[in-house]
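Ligands are counted one by one from 1 in listed order, and the atoms in each one are counted from 1 as well. These numbers were taken from a predicted model, which means no experiment stands behind them. FYI, the numbering just counts along the sequence from 1.
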Amino acid sequence: MPTSEPEKKKGSGKDGLAWVLGYLRPHRKIFIPSVIALFVTAALSLAFPLFLKDLIGDPADSWKNGLDAAATRAKADETILLLLGVLAVQSFIAYWRVKGFTRSGEAALNDLRRNLFGHLMKLPVPFFQDQRAGSVSNRVSADLGTVRETLLTTLPQAARHTVILVGSLVAVFFFSWKLSLVMLASVPVVVLAVAISGRRVRQHSRDAQEALAESGMVMEESVQGIADVKAFSNEPYELSRYNRSLDRFFDVTLKGAKTRAAFLSFIIFAMFGTIAGVAWFGSHMLASGEISQRDFMAFILFSVFVGASLGSMPEIISQVQAMSGATERLRELMAEKPELTGTRAAARLDGGVAFDGVSFRYPSRPEAPVLHDLSFTVAPGRRIALVGPSGAGKSTVFSLILGFHRPESGRVLFDGADAAELELSSLRKQIAVVPQEVMLFGGSIRENIEYGRPGASASDIENAAKQANAHAFIEGLPQGYDTLVGPRGTKLSGGQRQRIAIARAILADPRILLLDEATSALDTESERLVNEALERLMAGRTSLVIAHRLSTVRHADTILVMNHGRLVESGTHDELVAKRGTYHLLAETQLL
Ligand SMILES: Nc1ncnc2c1ncn2[C@@H]1O[C@H](COP(=O)(O)OP(=O)(O)OP(=O)(O)O)[C@@H](O)[C@H]1O
């Protein structure tokens, strides 16, 4: 994530928790009863040691005190029935609690996921250009996974263990304050250990998350570019890259594991060592008749509960800390500024486009100016060819027209109105792009064409395909319009993909057309079909074409010749040829 954004919210763990809990607010009607049920079941689980101490302790005491064995048995029968009753109630409530938690938690998480995705969609193009492939999506899904785990598993656990801890502590003091004091002697040591290692555990978990996301990114890059990977026989290289990132993850995890392992083993020793010590002290008290068998049993059972709850706290704390790291990153993402947009909705455009003294450099490379004081005017309905050597800035002109970037100085104008004042979405709806390398979305051909105007009728889609010279070949496919095409349309040829993109643009019915002509040659028939489709698409619309073919430039009303981000020549083909300047050179050397 770029760090240049001024508005970065660095929340504390508590803020992060409050942020996540904020998403639970709309679902409180289910969440709050679930929390209450959680406390009730936690409290009820204390009944277990309470009844158990009677079952185990009473017979021993009555035997010692010479009481009637039959009465003791009857009391035990009564106790077990009560205990089973409590367990049944506890299980019944637990069923609803788990359901309620899952329902409200997952609903809240879905709201969060929706909000995040909605916000991602609003972020400016440069934000994504500055990221490596998949890094945003990988990190978001890893972080959401952590938040989910904490919300649905760890927080309920924390609440349960807290209730059990407090209840058990009250119980141990009640049954023997003397033994309790012996037991509690170890608590300050444990608290200190938690305080010291907690921060380190948190840092390690954040590092581990990042390292894992990094390896996910390597996989994503390799999978996305699989054709190139194979073409260059670079599988071993990619494997070694993946291995390196896994090793890094492993190292970081191991480092974290050391802290956690040391912490856990310390806790285990302190905890169970204390219980053993207490049992020893208690048996002395028992021997001198200072405590009854029943109370001693109660004390031991509740101490085990105290130990178990305290023992689970480090895991809970480290998970909550992991969540606070995850929410911190998610909130940073939410704090990224959305795309700047004007407020005035662009009315139906005539199609006039102009650059007025536009200078521009990419924020990621501020040292390299890309456009210098570029000015040109395109009258509505005209056809403009942009030519120039590679890196001249032609695609950048398109990006500025689409509002992906804002000029550093100067203005981009539509029908004379400053683009900065116009609402981006209303503007983009009137612009269509036919890129050089057409990427089709995973889905049917119909859906891919419909992307130009979501909700278009089947007949509109077919008409668009007919005008784009695509209908015939689509009908020829076994599943026709329902044929599924891969994310990159691998099942279709370049020319076919282009005609689908043209059909999409025809359906969108834009006023302005941005066309990046394919450099790769199509066979003559395919090229004729594509050109015919393009002619129909361009008719009556303002078209800007990054041209690579002489036939295209010949038909342009005006040719803009760019070099090093400047407009060096403009005019018709004949005028420019006569000038014997840059264009002439480009045409001669077939560098168009
Ligand atoms: N996202 C980006 N971040 C930084 N620099 C960029 C970015 N995109 C393009 N550039 C740089 O801007 C300059 C102009 O690039 P642009 O893609 O507009 O040229 P072009 O004329 O379309 O070239 P080509 O015909 O090869 O596509 C180049 O020097 C390029 O390296």
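- Among pairs with a residue in residues 214-237, none fulfils ring pair (Phe, Tyr, Trp, His ring centres under 6.0 Å), at least two apart in sequence or across chains.
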Check: residues 118-125 side-chain donor-acceptor pairs under 3.5 Å, at least two apart:
unit_1	atom_1	unit_2	atom_2	d
His119	NE2	Leu333	O	3.2
His119	NE2	Met334	O	3.1
His119	NE2	Glu336	O	2.9

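- Tyr481 and His471 have tilted rings, their planes meeting at an angle from 30° to 60° on a 0 to 90° scale.
- If you look at ligand 1, the protein residues with a non-hydrogen atom under 4.0 Å away are Gln129, Tyr362, Ser364, Arg365, Val370, Pro389, Ser390, Gly391, Ala392, Gly393, Lys394, Ser395, Thr396.
- Ring geometry for Tyr583 versus His573: interplanar angle over 60°, hence perpendicular rather than tilted (30 to 60°).
- Between Glu332 and Arg329, none of the side-chain N atoms (NZ, or NE/NH1/NH2) sits under 4.0 Å from a carboxylate O, so this pair counts as no salt bridge.
- Thr582 is linked by a side chain to side chain donor-acceptor pair (under 3.5 Å) to nothing, counting only residues two or more places apart in sequence or in another chain.
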